[in-house]
Structures are given as C-alpha cells and as structure tokens.
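Reading through the structure tokens given below for one structure.
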Amino acid sequence: MPTTPDVATDVTDTALLGPGGIAFLSLYLVSLLLVGLAGRAVRKENSLADFFLGGRGMGFFVLLLTLYATQYSGNTLIGFAAQAYRQGYAFLVSVTFMTAVIGCYLIFAPKLQRLSKQHDFITPGDYFHFRYGSRALAVLATIIGIIALGNYIVTNLKAIGTIVESATGHQISFTTGVIALSFIMVVYETLGGLRSVAWTDVIQGILLMVGCLCIFGAIQWHYGGLTGMAEQLQTIKPEFWTPPTWSEKRTWLSTLILVFAGIPLYPHAIQRIYAARSAGTLKRSLQFMVFMPLATTLFMVLVGIIGAARFPDLSKDQSEQITLRLLQDIAAHIPAVSMLIVVFLSAAVAAIMSTVDSALLSIASMFTQDLYRPMRSRASQSHLTRVGKMCSWLVMALSTLLAINLPQTIYFLMEIKLELLCQIAPAMLLGIHFPRLRSMPVLCGLVVGVVFYFGLFFTLRALDMPRLWDVHSGIWALLANLATIGLLSWLLPETPRTSASSPQVASN
Amino acid sequence: MSRGATTLISFIALVLTVPWLYTSDRMAIWFGFPPWAFYTIATTVVYAVVLNLLLGTQWSRMAGGDDADNA
C-alpha cells in the first residue's frame with residue numbers, strides 16, 4: 001500500500017515526541033536513577049572489584065543483556081539503516097562483522113575469563129601486566145583503550161544531543177540535552193558502578209531489542225516486505241543488484257577483519273568477560289549473542305533498503321533519518337504507529353546511554369587501576385574507588401565540553417577508534433595462546449602498529465585517498481605490527497624468566 | 001579438536017561469507033534479495049551456527065584448563 005513519497009518533509013523541523021512521548025522518555029530516565037540507587041543499596045564492599053566489576057557475579061540474563069546493549073550502540077538503530085540506504089545490500093557486511101565479534105571472543109575469552117578469576121583482573125592492563133610482566137606494555141594498551149573509549153563517548157554524546165533536539169522540536173537545545181543526559185549517566189554510574197550500569201543495560205537492551213523488532217515488523221507489514229519491494233528496487237536502484245567489485249570485496253574483507261580484531265578489544269567489553277559469574281555463564285551468553293546480529297543488525301539494514309525503495313532521492317543528511325521517515329510515513333496512515341516513534345527514539349537514547357556509561361566506567365577503572373594505583377601502592381580500596389568515581393565525573397565533564405564545543409576541523413580525530421584499538425589484538429590473541437611470546441617484540445609491534453597507522457592515516461588524508469589498495473589503514477598497521485612481532489621474536493635471543501621478572505598482578 | 005583448528009575453522013567460515021564468486025549482474029531475485037546478497041546472509045547464518053557449536057564444544061579446550069569452571 002505505498003503512497004506518494006513525502007520527501008519534502010524535514011523530520012527535524014517538527015517535534016517528534018508529543019507530551020505522552022516526552023513523559024515516557026522522562027519515566028525511563030527516572031528509572032535509570034532508581035536503578036543506580038538500587039545498585040548502591042546491594043553493594044557488598046567498597047572495593048574496586050565490586051564497583052568496577054559488580055563483584056564478578058553477573059548471571060546469564062544480565063550478562064547477555066549488558067553484552068548486547070554495550071555492543072549495539074545508537075549507531076545500530078540510526079547509522080546502520082542510513083548506511084544501508086546509501087550502500088544497499090553491500091552493507092550486509094555489517095551483519096557479518098557483528099557476528100565476527102563473537103568469533104574473536106571464541107579465541108581469547110575462555111582462557112581470559114579463567115585467568116581473570118584466578119588472578120583478580122580488573123582491567124585489560126592487568127592481563128597485559130600479568131602475561132608479559134611489562135608495565136610499559138600495560139600502560140600503552142591502557143592509553144590506547146582510553147583514547148578509543150574517549151572518542152566513543154564524545155561522538156555518542158553528540159548523537160544523543162541531536163536526538164533530544166529533534167525529538168523535542170528544539171524545545172530542548174542540543175547543549176541542554178547533552179548536559180542533562182550526561183549528568184544522569186554519571187550519577188547512576190557513580191552510585192552503583194558496573195552493577196548499576198549492567199542493570200540499566202537490561203532495561204536498555206530490552207528497549208533496543210523490542211524497538212528493532214517492532215520497527216522492522218511494522219515496516220515489513222506496511223510496505224509488503226522485501227519480496228514485495230524487490231522488483232520496485234530493481235527499477236529504482238539497479239546498482240543495488242550489482243555484486244561487489246574485486247576492490248569492494250577487498251574492502252569488505254578488510255572491514256570484517258578490522259571489526260573482528262577491534263570491537264572485542266574495547267576495554268569495557270573485556271571487563272564484561274571478567275564480570276561473568278562463571279565460565280558457563282559467559283559461554284551461554286556468547287552462544288546466544290552470536291545470533292543477535294540476525295535479529296538486530298539485519299533488521300535495521302533491511303529497514304534502510306526498504307527506505308531506499310520508498311524514498312529513493314534523499315541527500316546524505318536526510319538519509320540519516322530514514323527510519324524516522326518510514327515510521328512517520330506509516331503513522332500518517334495508521335496513527336497508532338506513532339507510538340513506535342516513541343519506542344524508536346527511546347531505544348536510540350537507551351542504546352547510546354548504555355554504550356556511554358560502560359565506556360565511562362571503563363575509563364575510570366583504567367585510570368585508577370593502571371595509571372594511579374601503581375603510583376599509590378598503599379592506597380586503600382575505598383580510596384581507590386573514590387578516585388575512580390572522581391575520574392568518572394571529570395571524564396564526563398570533559399567529554400560533554402568536547403561534544404558541545406569541538407571544532408569541526410578536528411572532529412575527524414574522533415573517528416579514530418577501531419583502527420587504533422585493533423593494534424592491541426596481537427598482544428591479546430597471540431599472548432593468550434603462545435606462552436613463549438615475550439614482551440619486547442609485542443611492545444615494539446604495538447608501537448610500530450600505532451606509529452604506522454597514524455603515518456598512513458595522515459598521509460592518505462593529505463592525498464585525499466580513502467584507503468591504500470582498498471584496505472583500511474588499521475589493517476596495514478596491524479600487518480606491520482605482526483611483522484615486527486614475528487621478526488623480533490626470531491631475532492632476539494630467548495632469555496629464561498627469573499622469579500624477579502615473573503609477572504605479577506596486584507590482588508584486588 | 002586443537003585450538004589452532006578451532007581458530008582456523010572459524011576464520012575460514014568468516015572469509016567464506018564474502019561473496020567472492022559473484023561477479024556478473026544477474027537480476028534474479030532470491031527470496032527478495034540479489035543472489036549474492038542472499039549468499040552473504042545464508043553464509044552468515046552458517047557462520048553463526050558454526051561459532052555457536054564451537055563455543056559449546058571447544059570452550060574448555062580454548063580455556064586451556066579443565067572443565068571444572070564451566071559448571
């Protein structure tokens with residue numbers, strides 16, 4: 001039952017939420033603060049492990065939903081549909097790469113979870129220090145993690161400000177939206193630490209899952225599904241039917257490897273491995289998680305493709321709101337569907353908040369455990385926890401400031417996340433299964449990888465080239481990183497490890 | 001199955017999801033998709049099933065310890 005496209009309507013000019021929608025969203029935000037209070041009430045001890053890892057007692061249901069809500073950000077709901085609108089079926093690569101994240105966990109999570117229980121790891125840096133006995137390697141990995149997560153927070157805060165501004169028809173400004181939601185996040189995070197963050201992730205994960213299912217279901221039903229749209233798409237967008245060229249296939253594989261080696265190395269993702277109650281809990285959660293891209297990412301990609309058939313001539317900026325356009329189009333015929341717009345916006349806000357709060361907590365833990373604690377080895381657990389909380393407030397204040405004021409000329413630096421983060425992958429993936437691998441080659445490999453990445457990144461930018469031979473700069477840097485590890489492991493003589501150089505990790 | 005074999009199988013399954021062999025512009029429709037897109041979805045489902053099975057059966061071997069903590 002398609003009707004005439006209404007591409008002239010700019011969804012940003014009118015309030016997307018009525019009083020009922022704003023009340024629903026407000027109720028959701030208040031519930032987050034209550035969850036924060038509940039998390040504080042059930043605190044078992046004032047320690048780093050309790051605050052940053054929820055006492056290492058996360059069961060299947062909470063672990064699954066916190067993994068889900070953390071891995072799928074607001075970008076899944078908004079960005080993926082928009083990318084699919086522009087790229088067509090080629091963006092199905094996103095379904096595979098979100099599955100590949102679990103493929104990477106298969107390689108290192110089982111052993112890392114076991115080691116984290118035995119040696120009380122709190123941060124990824126704890127593992128690197130334990131495994132390699134190198135403070136320099138642990139600190140460098142920590143700094144890379146903090147940069148990647150910091151960029152993640154800033155870009156997500158910008159997105160949340162834009163959503164609030166659009167949803168309220170500019171009644172709440174971008175700045176007010178960013179400040180208010182940042183404040184709520186940092187309050188419930190510092191009240192209950194990971195326990196509060198994980199519990200709010202349960203609410204946010206359910207909202208995200210329900211949002212994706214309902215939106216996809218409504219759009220499928222109203223527009224007759226992909227089968228009904230296929231012939232129309234062949235006429236309007238014949239280029240969608242063209243298979244990727246060889247250069248596009250290289251980029252496809254490069255993207256898969258980049259995400260495979262990048263996303264699982266996010267510090268907040270690794271800390272969820274540490275927070276699992278048992279190996280069995282983590283195993284079952286990952287077995288379930290492996291199918292989530294088929295029920296989340298695939299749905300949003302198909303929404304974008306249906307949008308391309310329905311509204312074929314949108315600009316890049318307009319296509320960013322393709323899901324909203326489709327929902328508004330349906331709501332114009334079936335007013336009850338307007339409720340789905342509330343669900344969509346709430347799910348988008350929830351998805352972003354669940355990602356930002358986890359990243360914030362992770363940065364605070366890394367600063368406290370990996371950077372501050374080695375300088376104050378006699379500090380008590382309660383002092384360290386207090387430092388972690390203060391760090392959360394400072395990081396959030398700085399991120400909010402950057403999200404509001406960052407000049408567009410250097411905003412591209414915020415895009416640097418995965419390509420930098422995947423340079424840690426060899427230290428983790430090789431280190432966990434190759435006991436003879438030593439710290440010096442790994443440290444040199446990491447330094448070479450990072451320097452190589454930035455060198456190539458700025459060179460290609462100066463030459464206005466997106467990629468070298470259609471492969472991401474991060475993958476070239478990863479190859480340089482691996483080559484350095486291989487070469488130095490071969491060249492440097494193996495020295496027996498003495499008891500003095502045995503890796504140690506502080507007991508938590 | 002060794003840890004190396006587990007890693008290799010999962011990686012091969014990942015690489016096979018890229019529609020390497022599709023090169024021509026066939027305008028056929030398979031369940032609402034271009035053939036190469038349908039191939040990608042189908043192989044991604046297979047990849048997910050493979051990972052699910054490997055997680056279920058190879059966990060303790062990948063953990064490098066006994067199965068005691070799986071309980």
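To find a chain, count down the sequence lines: A is the first, B the second, and so on, and within it residues start at 1.
- Ring-centre distance between Y39(B) and W30(B): not below the 6.0 Å cut-off.
- At distances below 3.5 Å, at least one donor-acceptor pair connects side-chain atoms of K111(A) with backbone N or O atoms of I432(A).
- No part of L53(B) comes within reach of chain A, as not one of its non-hydrogen atoms sits under 4.5 angstrom from that chain.
- When heavy atoms are compared at a cutoff of 4.5 Å, L294(A) approaches chain B solely by way of its side chain, counted from C-beta outward.
- Contacts with chain B were tallied for A109(A), A230(A), P243(A); P243(A) has the most, counting heavy-atom pairs under 4.5 Å.
- For the pair K283(A) and F60(A), the NZ or CZ position fails the cation-pi test of under 6.0 Å to the six-membered ring centre and within 45 degrees of the ring normal.
- Using bins of under 30°, 30° to 60° and over 60° for the plane-to-plane angle, the ring pair F128(A)/Y132(A) lands in the parallel bin.
- Neither the backbone nor the side chain of L429(A) comes within less than 4.5 Å of any heavy atom of chain B.
- Contacts of Y105(A) with chain B are absent, with no heavy-atom separation under 4.5 Å from either backbone or side chain.
- For Y22(B), the parts lying under 4.5 angstrom from a heavy atom of chain A are both the backbone and the side chain.
- The aromatic rings of F216(A) and F299(A) lie parallel to each other, their planes meeting at an angle below 30°, with 60° marking the opposite boundary.
- A cation-pi contact links K249(A) to W246(A), judged by a cut-off of 6.0 Å to the six-membered ring centre and 45° from its axis.
- T96(A) and T44(B) form a side-chain donor-acceptor contact under 3.5 Å, judged by distance and modelled atom types alone.
- Only the backbone of A28(B) comes within contact range of chain A, judged by heavy atoms closer than 4.5 Å.
- Of the residues considered (T242(A), L302(A), L256(A), I305(A)), T242(A) shows the highest number of contacts with chain B, using heavy-atom pairs under 4.5 Å.
- The choice from S10(B), P19(B), A37(B), G4(B) that makes the most heavy-atom pairs within less than 4.5 Å of chain A is P19(B).
- By number of non-hydrogen pairs under 4.5 angstrom with chain A, the leading residue of T43(B), V15(B), V49(B) is V49(B).
- Counted by atom type alone, S278(A) and T281(A) present one or more donor-acceptor pairs between their side chains at under 3.5 Å.
- Ranked by heavy-atom pairs under 4.5 Å with chain B, the list F288(A), F240(A), F260(A), W252(A) is led by W252(A).
- In this structure, no portion of L112(A) lies under 4.5 Å from any heavy atom of chain B.
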